[in-house]
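Below is one structure; the comments refer to it alone.
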Amino acid sequence: MNNIFWCNNCLAMSTRPRITFDSRGFCNACVWSETKREIDWKSRDQELQELLLKHRSREADFDCIVPVSGGKDGSYVAYTLKEKYGLKILCLTVTPPLPLPLGEKNLRSFVESGFNHISVNPDYEVMRVLNKIGFEEMGFPYYGWLLAIQSIPAIIANKFGIGLVIYGEDGEIEYGGTDETSRSPIFDSNYQKRIYLENGYDKVIRASKLTDSQLALFSFPDFGRHTHASIDLTHWSYFENWDPYRNYLVAKEHCGLQEADSANSGTFTNFSQNDQALYALHTYLMYLKYGFGRANQDASIEIRRGSMNRDQAKNLVKLYDGHYPEEFLNIYLDYYQMKKRDFDLVLDRYANKDLFEKLNGKWMPRFEIE
Amino acid sequence: MKNYKATVIDYGMGNIWSVTSALQYLGCEVDVSSDALIIERAQTLILPGVGSFRKAMNALISMNLEASILNSVLARKAKFLGICLGMQLMGTKSTEDGETKGLGLIPSSVDKFSSSEVADRKVPHIGFDQVHFDSDGNLFKGISGNQDFYFVHSYRMLPPDSKAGLSTCNYGIDFLAAYENDNIFATQFHPEKSQTNGLRLLDNFLKV
Amino acid sequence: MLKKRLIFTLLYSNGSFMLSRNFRLQAVGNLAWLQRNYDFSQISYSIDELVVLDVTREKRNIDKFCEVLKSLTINNFVPITAGGGVWDVDSAQKLLRSGADKILINSSLFIERYLAKELSEEYGQQCVVASIDLKRSKVGELQVLSHNGSKLHESPARELIDSVLTMEVGEIYLNSVDRDGTGQGLDFEVLELLPARVNKPVILAGGAGNSNHLLLGFKDSRVDAVATANLFNFVGDGLKKARHELVLGGIRLPMWDLGFRNSDVTSLPQNLG
């Protein structure tokens, strides 16, 4: 507890895995947002053109795969690649386990705004098993789905003869974490397993006791070996200044994105992450583990884009962060086939006791943002 | 325990609610009335007002309130506070929309801000402005020199040649912002809209 | 010297207070939420004026709105402007009797132009605030919208604004739909639509997220007041801090006697509320 501190610019916490701070006490996401203004984006665009050229020569029906959810980020990337760069893109969604009506509506609107799109639905039960294990063993309530969005785009790309998958942003760079991909746009399954899957892939797979054929869509084959052509995975945020709010405005204008009527669980925004119920649990667990939740992340984004200052953000985080997602509780219990008592016990296990104490059955922060 | 009582004159024009609210906030028991008899007998009277001078005077006359007010103030020496249009009604006359006679409690007429007076300034005079107040009087007791009050008017009264307590505000021309003469008080600005400054002034009035 | 004004705008819809982003509404909280997180009896020392608009998209209920208005105006001694769906003098009367000092009209300016005249004859010109919503077309030209942003007016914005300036209204409230709720800062290009000499106070709104945005607004000589409706960004002590920054930044805002507080009122009335 003694050593936790906050970024002096935004509200990112020192507890965030892999986060680093500079001499001013600015976290790497804030430093990056400053650096972004000085970056020679033209040369980044050059690199993009070269990458696209490399894969265009493959004579596939599509130039690349763009994972989307119907939300603002994927929609923005897809729209930009199609309209501005004139690429033939294939959009791909891995259906989330507990989809929300607004999410489904937004995905429909996105597709109808004019995109080729595949919806992949891995075996519901297989994903459920992986999600449950992820929840219990790692405090990652939708581990299976997270895994699927890392594995499936490459698998599908391979089947279609496409060599390039363009994800939205690298959260590590944009929101705090390792800056490995800041110098090189291409990442691979090792990075995915290490970073996005928090080195838990082997553990979870083993614990699932599922067969290879059941896990076909959840695996990371080495494509180079079979096809002599690797699949390049990249982030759009390497080639263009990543701006979540801009993404929202474009998605709203061109892809039919609709916001929720009121703020989403655990935050003050209504235009982000509207596609699945488990996200609220994911961010609540993040809050319990590290001390920051969805409101903190959203507020930090707002600070970086200059719409509010740190004091204003603090007020919002105090008001909205760390919300126990009781509105979805029954859905979660039903999905995991758990009783509330056991569910709460899992949450208890992940609550960082240095940061939180249980008062009246609720985990309350011992800290106040400084 | 303060024991204030005041009667707010309701003649169909004016923000009765805010004035009443402010008075109650200060611990005053407020009676809102349009009854000529009650008004005539009241000890403390408040005349609020927003809108047209002519309509207001017509309303007061038709409700027999003009007479009640004058009796109450001049004969019975009730404590009287006119606010905004209420203050203007206390003037001799107004040139808004032709000429209309006022209550005559303040020896000054009501005329529109002329363009030569205000020069580049915008009319109506809306917003918070500084009052150069009469520090000998009761209204501004305890209020420091540069506090602002809320004005919203297109018509103004000029300071009369009088020994009464005169407070002014400059809007190209020094116009009458407040008036104090024995039991007769008036403010062109809205004390009930002037935050704590106004509350203190109202409190001062109630204390007199 | 006439001071500039810091205005907070509350957007009300069907019982909730809203955050608007480019005129899309997000419900934030009800009156209780507002009282908890904004405590107007305290923060009214941070703002100079309150605007309360009924932006309900469905059928409006003015009586309910007036109830809410009354609750807001209690112990809140700032000028209050109310509006939203005002089409006749009766509605204006209801609002004025519920605590409003001024009436804001918008859509009627372009459809039933006589309303401004009627209202000013009844209550005085200073009582009428004309609000104009502006949004850029696809080619970047500012255009006037009304009816909660659903109706576009073809006539050039400059002409429409000029004609409103000739009406019997007391003030002009210019709102940028493009910047609304974005926290990207005020749209100063909107001011370019005004004639060189404007005879009425100008309130600029749309896009202010932090005190710096407000400061830039106040520094512009064409602006008499700056309004923000950003219910999230100024929650808690946000408005108080913003005002502090503005004063430090050299903006002449009204001076309040902060020494006079509740404690000076030695008896609290029984019948309050």
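Here the structure is a predicted model, which is why all the values come from computation and not from measurement. Throughout, protein chains are lettered first and strands after them, A, B, ... in sequence-line order, and every chain is numbered starting at 1.
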Less than 4.5 Å to any heavy atom of chain C: does that hold for the side chain of [X], its backbone, both, or neither?
X	value
B:His190	neither
B:Ser144	neither
B:Ile16	side chain
B:Asp97	neither
B:Val123	backbone
B:Tyr171	side chain

From [atom1] ([X]) to [atom2] ([Y]), nearest 0.5 Å:
X	Y	atom1	atom2	answer
C:Glu121	B:Arg54	CD	CZ	11.5 Å
C:Lys3	B:Tyr150	NZ	OH	14.5 Å
C:Ile80	B:Trp17	CD1	CH2	11.0 Å
C:Asp101	B:Glu192	CG	CD	7.0 Å
B:Phe128	C:Arg252	CZ	CZ	14.5 Å
C:Glu168	B:Ser154	CD	OG	10.5 Å

Examine distances only and state if a side-chain atom of [X] and a backbone atom of [Y] form a donor-acceptor pair shorter than 3.5 Å.
X	Y	value
B:Gln195	C:Ile47	yes
B:Asn197	C:Met255	yes
B:Lys193	C:Val78	yes
C:Asn199	B:Lys122	no

**Asked** Side chains of C:Glu122 and B:Lys55: closer than 4.5 Å at any heavy-atom pair?
**Response**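 Yes; the side chains approach each other to less than 4.5 Å.
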
**Request:** State, yes or no, whether a side-chain contact exists between B:Arg121 and C:Leu2 at a heavy-atom distance under 4.5 Å.
**Result:**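 Of all side-chain heavy-atom pairs linking C:Leu2 with B:Arg121, none is under 4.5 Å.
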
**Asked** Which atoms form the tightest heavy-atom contact between B:Ala22 and C:Phe77, and what is the distance?
**Response**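 So the minimum-distance heavy-atom pair works out to CA-CE2, 3.4 Å.
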
**Request:** Taking all non-hydrogen atoms of both residues into account, name the closest pair between B:Pro124 and C:Pro201 and its distance.
**Result:**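 Minimum heavy-atom contact is O-CG, 4.3 Å.
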
**Greatest number of heavy atom pairs closer than 4.5 Å to chain B - which of C:Cys127, C:Gly170, C:Gly124, C:Gly99** =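 Answer, by heavy-atom pair count under 4.5 Å with chain B: C:Gly99.
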
**Request:** Flag the one option from C:Glu49, C:Gln126, C:Arg197 with the top tally of heavy-atom pairs under 4.5 Å to chain B.
**Result:**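 Max contact count across the listed options: C:Gln126.
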
**Request:** Report the option among B:Asn170, B:Val50, B:Asp148 that has the most heavy-atom pairs separated by less than 4.5 Å from atoms of chain C.
**Result:**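 Highest number of pairs under 4.5 Å: B:Asp148.
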
Side chain from CB out, backbone as N, CA, C, O: work out which of these in [X] comes under 4.5 Å of a heavy atom of chain B, or both, or neither.
X	answer
C:Arg5	side chain
C:Ser120	neither
C:Lys70	both
C:Ala225	neither
C:Leu96	backbone
C:Val202	both

**Asked** Should we say atom CD of C:Glu192 is surrounded by more than 12 heavy atoms from elsewhere, each under 6.0 Å from it?
**Response**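 Enclosed: over 12 neighbouring heavy atoms sit under 6.0 Å from CD of C:Glu192.
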
